[in-house]
Amino acid sequence: MTDLEYLKLSKPAKLIFRIHQFFKNLPGMAWNGLKGLGLAIARLFGGLGKSVADLVTTFKDGDWKTRLSYLIMGFGSAARGQWGRGLLFFLFQTVFNVYMFMPNAAFSGCYYLGKLSTLGTVETYKEGRRTVYGDNSFFILLYGVLTIFFILAFIYTWRLNVKQNRISEQILKSGHRLKSTRDDVKSLADEQFHKTLLALPTLGVLIFTALPILFMILVAFTNFDSTHQPPGKLFTWVGWDNFHTLLSTDTASYGNTFSQVLLWTLIWAFFATFLNYFLGMLVAIMINKKGIKLKKMWRTILVMTIAIPQFVSLLYVSKMFAADGLINGALMRWGWISSPLPFWTDPHWARVTIIVINVWIGIPYLMLIATGILMNIPADLYESARIDGANAFQMYQKITLPYMLFVTGPYLLTSFTGNINNFNVIFLLSGGKPLSLELSGNAGYTDLLITWLYKMTVNDTNYKLAAVMGILVFVVTAVINLIVYNMIPSVKNEEDFQ
Amino acid sequence: MSKKQIPEVDIVVDEKAGVIREVKQATRSKSGHERRVNTSIYIILVIMSIIWLAPFVFLVFQSFRSYKLESGGMVDYLLPKNGWSLDNYRFLFEGSNFFPWWGTTLLIAALCAAVLTLATVMIKRLGSENRHMKTLLTVLALVVGYGLFIALMVRLLGLAVSAEIAGKLVLSALLLLIAGYIVARFYLKQDSRLLRSIPGYEKEKTSDVVKKVIALFAEFAVIFAILACILKPMTASQYLNWYGNTLTVALFTAVIQTVIVLSVSYALSRLRFRGRKLIMNVVLVLGMFPGFLTMITLYFLLKQLGLTQSGAIPGMILIYCASSGMGYYISKGFFDTIPKSLDESARIDGATRFQVFLKIIMPLAKPIVIYTILMAFMAPWGDYVFASYIAFGSEPNFNVAVGLYRWVNVNDYQGYFTRFCAGGVLVALPITALFLALQKYYVEGVTGGAVKG
Amino acid sequence: MKKVLAMVLAAVMLLSVASFAAAEEGFSGEIKIWVAENTVDFTSQQVEAFKAAHPEYANMTVKIEPVGEGDAASNMITDVEAGADIFSFAQDQLARLVAAGALETVEENNAEAVKAENDAGSVAAVTLGDTMYAYPMTSDNGYFLYYDKSVVSDPSTLEGILADLEAAGKNFYFEINSGWYQTAFFFGYGCELTFDTDDEGNLVKMNASYASDNGVAALKAIIKLTQSPAFVNGSSVSNATNLGAIVDGTWDAGAAKDAFGENYAAAKLPTVDGVQLGGFGGFKMLGVKPQIDDAKLAACDALAAYLTSEEVQIARYNAVGWGPSNLNAQKNEAVQADEALAALGAQLAFCAPQGQYPGDYWSLATALGDDVIAGKYNDADDAALLEVLKNFEATCESYLNK
């Protein structure tokens with residue numbers, strides 16, 4: 001189809017065409033992706049090979065200071081007058097050695113590495129009446145991963161050390177002066193400022209986010225649950241068993257439940273995002289309209305649901321809608337109904353109620369964003385449209401909506417993925433209930449993947465399945481992000497102002 | 001924007017009378033239509049406001065139903081039948097020597113704020129041009145003021161300084177130093193030459209008196225909050241414990257998290273270095289994993305450091321702040337909008353990147369700083385999951401969300417619903433006030449950062 | 001590896017010698033206790049009395065923290081090490097706690113005494129296979145009927161009760177979606193659902209007869225109950241509105257007395273269609289955590305045994321109204337005169353002692369209850385109900401530890 005024919009299509013037809021194109025291109029994209037991945041891996045190995053070659057040449061060509069630095073990190077820098085760097089390198093090496101080969105063999109890095117493949121073999125036993133704890137599989141896994149991190153960091157630092165030696169040698173050979181320690185410290189505020197800024201946060205993220213996530217990914221391949229609980233019991237590697245349990249559809253497995261929960265999660269995220277989006281925009285337009293007074297007051301009233309902490313408002317509202325709560329009580333007293341409305345006990349009612357209450361929470365946020373953006377639309381566009389005879393709805397469709405979508409496209413995506421993981425609203429309102437015999441594993445009709453994950457972690461202490469679920473949530477989020485990112489550029493090119 | 005409706009003039013070439021009639025009719029029907037639309041919008045807005053505010057009004061009403069005279073549990077009617085009472089609120093403060101404690105704290109806080117203000121005003125009057133000297137003198141005044149109030153506290157309250165309290169004092173000294181330094185700079189601020197030399201730059205105009213009052217109030221609030229955290233009593237009612245815990249965590253988090261987020265977003269926005277793209281991609285990928293996945297690992301990590309159960313408060317602060325660097329997105333969007341020409345002209349004048357960050361960018365970034373502080377402050381108040389997991393079993397170390405949730409949903413607490421309402425009201429009031437006062441910055445942060453692709 | 005093992009063994013031997021020596025001298029470290037909030041004061045008084053009576057433990061520090069029974073069990077399972085040394089829990093958590101390694105066996109001498117002094121139901125509740133894992137404390141964890149005398153004229157039939165309540169516009173509270181209360185119908189109609197355990201707390205065999213005519217009849221009776229306008233799902237007096245009658249336990253006796261005032265009355269559960277409702281008899285107990293120090297373990301054993309002895313059980317009844325499990329204590333006058341306990345006693349005649357159930361059973365039963373409340377089976381015929389119960393049984397069977 002040529003460009004001209006494309007432009008002649010109607011809006012829905014354009015959309016259908018684009019979707020069609022997307023799926024047609026999908027295998028091509030996948031193949032490109034694989035090729036890219038393969039290239040990246042090849043480059044990685046190439047890079048590795050080059051690094052090793054570099055190391056060898058540096059050793060051959062370097063002077064005695066460089067060669068000694070291979071053994072004692074920082075020697076070369078220190079010997080050439082850069083005390084600060086030398087000291088830091090040496091300190092790092094010492095810490096690493098102490099950790100790995102600690103005299104108290106029970107807690108050294110080597111100990112944990114050694115046990116990593118079996119995750120502990122010494123069981124807990126009783127001596128008379130008292131308990132003697134054996135291996136602790138949890139700590140073996142945790143410190144084993146930490147040790148591997150540490151080893152990688154050490155290798156990286158060692159390589160850095162060697163490279164610095166080579167660069168220093170070359171600088172000296174060409175007659176320039178090396179940077180002294182004072183220069184180094186000063187440069188922390190200038191060229192190296194990014195290191196100063198990022199050092200602590202990176203460390204924090206590494207230890208408190210990256211390490212735990214990696215740990216839990218590994219737990220997904222073990223059988224760590226309530227019957228294999230350290231320190232009393234050991235757990236060990238089981239490979240892909242947990243994935244089978246969660247995804248297969250035998251009676252004893254959770255496959256059916258998983259697909260149902262996943263479906264509801266996606267439906268919920270869709271409604272939570274787009275319903276709030278359009279309603280919020282509508283409210284913003286209404287309040288923003290010429291001739292409406294007390295704009296600030298309306299906005300402030302609506303913003304209250306953001307201001308008041310969610311755990312107060314949502315807990316209270318969930319009790320309000322209970323079978324013997326305020327709303328049912330009032331309705332029954334006024335004689336409108338004879339038995340309480342099943343807001344939280346009927347699955348469909350519960351789902352609708354949650355979506356509606358989420359509108360209550362979410363509209364103000366969208367309204368604020370929409371107001372900010374709407375103010376940026378030049379008013380002459382509207383004026384000229386009105387002169388051309390457009391009515392309000394047409395103006396909305398042709399001017400406001402495309403502009404909003406263009407500006408908030410990425411925001412919608414983040415909002416969608418955020419709603420997939422929107423724990424608070426579901427947990428505080430319904431706790432994931434009502435349960436049903438059709439859903440196994442303690443999952444309920446209003447459970448998202450993430451609230452199910454929480455129940456598994458806290459109530460059932462079934463960490464292995466929780467870890468698998470976490471990985472699957474990641475996969476779902478990543479897939480959605482990829483798909484939408486690939487579709488957005490085409491949207492962006494289209495929506496210019498006519 | 002003019003309020004009057006400008007009538008559309010519809011010129012019809014016809015008899016004179018006919019023309020006028022046509023025009024009049026056009027305007028009347030046009031404004032009539034407008035008015036109908038506006039009225040219906042008003043009606044919709046009023047209904048919406050009622051729906052939006054209704055649950056909170058009900059919450060307040062139900063908090064006045066005494067749990068002793070009537071049922072304290074959930075009921076299906078709204079207004080108390082046995083009269084309005086403050087029983088629930090009294091319960092929240094039960095067991096603490098409430099009045100002497102708060103009174104003394106207020107007094108000491110006021111005294112110290114006065115001392116600090118006097119000191120900074122005097123230093124400003126000194127007229128010393130040396131920036132470093134001024135700052136040093138201010139910090140000295142801070143230390144003296146802090147020492148003063150510790151001495152007063154020990155004397156007046158007969159407080160025994162145990163190891164725990166000593167630790168808290170040191171931590172609060174740190175916080176006070178940071179806060180005091182910021183306030184002092186506010187007083188001593190002279191817009192730098194670099195900033196003033198940029199064409200088009202205008203200094204923000206606020207009257208001096210208002211400035212001083214705001215600064216004084218800020219000092220007072222900070223000192224008071226610190227004291228409240230230190231002197232938090234171990235009471236029969238756990239509510240004050242929870243409140244103090246959450247306030248402590250929120251204050252520390254607000255400061256530390258802001259520093260971290262601003263550093264990271266500035267680095268990723270303005271500085272170019274190898275590994276920048278890598279960091280952004282890694283953070284993106286890590287952010288796709290659900291946060292609760294890591295709960296058990298974090299619990300055991302903190303346990304190794306002794307920061308669970310009775311050490312839960314520092315543990316919570318550590319958790320919130322350590323990974324806060326991942327939330328740089330909005331701040332980065334804001335920094336991206338500041339023109340790079342400012343940086344370049346400053347660097348040409350010989351400033352280091354650090355000086356550019358502190359002197360040029362920070363003053364311009366006031367909205368996003370306040371936004372980040374606000375978000376960081378509000379988050380710990382509503383955190384149920386992590387707080388309940390880290391502090392399980394140790395009731396005095398819960399935070400407000402965990403405590404109130406248990407009052408509603410755990411079977412051991414029957415009939416605590418009205419007390420939950422009262423507790424919720426007391427939590428909601430300061431947070432709402434803070435949010436409404438800083439609403440402008442919140443909106444700027446949300447619209448500025450969230451939607452810039 | 002070998003060197004590590006040798007060092008560990010050496011350390012163990014040294015420690016055992018040391019602890020053996022220490023055992024003679026009592027214990028002076030810290031013990032943490034978790035009990036329900038309303039018994040914290042009572043427990044601390046009793047601990048003082050214990051320390052006075054046993055001078056070798058006089059230097060112990062005992063920390064008592066208010067952690068409810070449900071929370072105690074889940075907290076212990078999450079992190080045994082950070083948990084309390086002695087904690088109270090209800091017997092449905094026993095198997096889970098043992099499987100997680102959170103319970104130490106009862107010392108042999110104490111076990112003999114416990115078996116002799118406490119009623120059979122409570123002894124069975126603390127035993128897995130042949131091993132006793134906890135000290136029984138109360139026998140009053142069952143449920144019966146509280147009702148408003150002025151509204152309900154005759155509490156012996158469910159139909160009569162519902163008719164009275166519907167006429168007066170009051171509510172009947174019964175927690176259908178709890179696996180605990182649900183069994184009132186099923187067990188009353190003659191169905192069985194029990195699990196056999198081995199010594200380690202593993203569930204090895206299921207005995208179930210829910211998928212039968214009796215089961216279908218019971219399920220139909222439940223469905224009929226939920227269709228009454230007076231029915232509300234719940235079991236807590238304080239959270240009840242318009243209360244006419246409620247199926248609840250002794251822990252709510254005080255709240256029920258407040259709610260009903262002069263019209264407070266208690267009785268055994270009614271009959272449905274002539275069939276007497278049954279249920280569970282429940283028990284609460286004190287458990288001791290596995291310890292690495294012999295002296296501490298001895299101290300915990302002694303303290304736990306003391307806190308569940310006859311005198312303390314009677315004192316506990318006087319303080320908070322908990323029905324004792326000790327046979328002599330049950331013959332105490334004050335205990336005999338208690339209305340709620342009398343109703344419970346009458347009901348217990350129709351109850352089975354609650355054995356061990358897999359953790360997942362409770363959510364499965366909640367799921368069944370939620371489905372009934374949602375009206376899913378309102379129009380189902382007998383064959384469909386039988387299918388539901390068959391699936392229920394099959395899922396229960398899948399919970400056995402393989």
Side-chain angles (χ1 to χ4, degrees), chain A residues 138 142 189-190 193-194 197-198 201 204-205 207-210 212-213 215-216 286 289-292 298 300-305 307-313 315-317 319-320 322 324-326 328-329 360 368-369 372-373 407-408 410-411 421 450 453-454 457 463 467 470 473-474 477-478, chain B residues 1 34 38 41 44-45 48-49 52-53 55-56 58-59 74 76-78 260 263-264 266-267 271 273 286 288-290 292-298 300 319 321-323 325-326 352-354 381-382 384-385 389 401 404-405 408 417 424 427-428 431-432 435-436 439 443 446-447 450-451 453:
Chain A
F138 187 92
L142 186 64
D190 208 0
F193 190 43
H194 61 275
L197 282 180
L198 289 178
V205 168
I207 297 187
F208 284 92
T209 308
I213 287 182
F215 177 81
M216 287 310 278
M286 277 201 312
K289 194 172 181 323
K290 275 198 302 201
I292 302 290
W298 299 119
T300 311
I301 290 183
L302 290 183
V303 150
M304 290 292 256
T305 47
I308 299 188
Q310 272 191 354
F311 80 90
V312 172
S313 47
L315 269 185
Y316 184 77
V317 169
K319 289 297 176 193
M320 233 172 70
D324 46 1
L326 267 184
N328 276 321
W360 179 64
L368 288 179
I369 293 182
I373 297 179
V407 177
T408 57
Y411 171 75
N421 285 342
I450 191 158
L453 197 160
Y454 176 79
T457 310
Y463 302 113
V473 169
F474 166 73
T477 316
Chain B
M1 202 176 277
E34 285 284 330
N38 282 2
I41 290 187
I44 296 180
L45 282 177
M48 277 181 72
S49 307
W52 251 247
L53 288 181
F56 305 120
F58 295 166
L59 181 76
M74 190 184 48
D76 61 355
Y77 55 87
L78 190 56
I260 291 184
S263 313
V264 172
Y266 178 77
L271 304 175
F273 50 94
L286 282 182
M288 289 195 212
F289 282 95
F292 307 136
L293 197 56
T294 56
M295 261 200 308
I296 173 122
T297 325
L298 287 175
F300 278 104
I319 286 190
C321 297
S323 304
M326 289 176 52
T352 65
R353 287 207 172 85
F354 181 55
W381 291 91
Y384 171 79
V385 175
Y389 206 76
L404 290 183
Y405 180 86
V408 175
F417 185 69
V427 167
I431 305 272
T432 313
F435 184 85
L436 290 179
Q439 193 185 339
V443 173
V446 154
T447 54
V451 299

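Just so it is clear, the values below take in all heavy atoms, side chains as well, and ignore hydrogens, waters and symmetry mates. Below, read A as the first sequence line, B as the second, and so on, with proteins coming before strands; counting in each chain starts at 1. Note that the structure is predicted; figures quoted are calculated from it, not measured.
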- Do A/F474 and B/L293 come close enough that some side-chain heavy atom pair is under 4.5 Å? no

- Query: Which distance, rounded to the nearest 0.5 Å, do you find between the CD1 of A/I301 and the CE of B/M48?
  - Reply: 10.5 Å

- Using non-hydrogen atoms only, which part of B/F58 is less than 4.5 Å away from chain A: side chain, backbone, both, or neither? both

- Query: Which atom pair, heavy atoms only, marks the closest approach of A/I308 to B/T432?
  - Reply: CG1-OG1, 3.5 Å

- Task: Of all the heavy-atom pairs spanning A/F311 and B/G382, show the shortest one and how long it is.
- Result: CD2-CA, 3.7 Å

- Cut-off 4.5 Å, heavy atoms of chain A, and the answer for B/L436 is side chain

- Message: Quick check: closest heavy atoms across B/P290 and A/N421, and the distance to 0.1 Å?
- Response: CA-ND2, 4.4 Å

- Note on the structure: Value for NZ (A/K319) from CG (B/L59), rounded to nearest 0.5 Å, stands at 14.0 Å

- Whatever's closer than 4.5 Å to a heavy atom in chain A on B/F289 counts as both

- For A/V205 and B/S323, the nearest pair of non-hydrogen atoms, with its separation, is CG2-CA, 4.3 Å

- Over all atoms of both residues, closest heavy-atom pair of A/L197 and B/A267: CD1-CB, 3.8 Å

- Item | Engaged part of A/Y454 at the chain B interface, taking heavy atoms whose separation is under 4.5 Å | side chain

- Note on the structure: With sequence neighbours left out, the residues meeting side chain to side chain contact (heavy atoms under 4.5 Å, CB included) with B/T297 are A/L142, A/P212, A/F215, A/M216

- Query: Which atoms of A/M286 come close to chain B, meaning under 4.5 Å heavy atom to heavy atom: side chain ones, backbone ones, both, or neither?
  - Reply: both

- Query: Does any heavy atom of chain A fall under 4.5 Å from the side chain of B/L271, the backbone, both, or neither of them?
  - Reply: side chain

- Message: At a 4.5 Å cut-off on heavy atoms, which part of A/L453 comes close to chain B: side chain, backbone, both, or neither?
- Response: side chain

- Task: Please flag which part of B/F354 lies under 4.5 Å from any non-hydrogen atom of chain A: side chain, backbone, both or neither.
- Result: both

- Query: Can you check whether B/T294 reaches A/I213 side chain to side chain, under 4.5 Å on heavy atoms?
  - Reply: yes

- For the atom pair CD1 (A/I207) and CG (B/L298), what is the distance rounded to the nearest 0.5 Å? 11.0 Å

- Item | Choice from A/A210, A/P201, A/A307 maximising heavy atom contacts with chain B below 4.5 Å | A/A307

- Rounded distance (nearest 0.5 Å) linking atom CZ of B/F292 with atom CD1 of A/I450: 5.0 Å

- Segment of B/F56 engaging chain A (4.5 angstrom heavy-atom cut-off): side chain

- Check B/A428 against A/P309 and note the closest heavy-atom contact, atom names and distance. CA-CD, 4.0 Å

- Message: Quick check for you: to the nearest 0.5 Å, what is the distance between A/T305 atom OG1 and B/L53 atom CG?
- Response: 9.0 Å

- Query: Under the ring-ring contact (aromatic ring centres under 6.0 Å, His included) test, which residues partner B/Y266, sequence neighbours left out?
  - Reply: B/F335, B/F357

- If you tally heavy-atom pairs under 4.5 Å against chain A, which of B/I296, B/I431, B/V264, B/L404 wins? B/I296

- Task: Look at the aromatic rings of A/F138 and B/F300 and report parallel, tilted or perpendicular, splitting at 30° and 60°.
- Result: tilted

- Query: How long is the span from the CH2 atom in A/W298 to the CH2 atom in B/W52, to the nearest 0.5 Å?
  - Reply: 13.0 Å

- Query: Can you find a pair of side-chain heavy atoms, one from B/F435 and one from A/V303, that are under 4.5 Å apart?
  - Reply: yes

- Please determine, among A/T300, A/V473, A/L315, the option with the most heavy-atom pairs under 4.5 Å with chain B. A/L315

- Go through A/V312, A/L326, A/T209, A/T477 and name the one with the most non-hydrogen pairs under 4.5 angstrom from chain B. A/L326

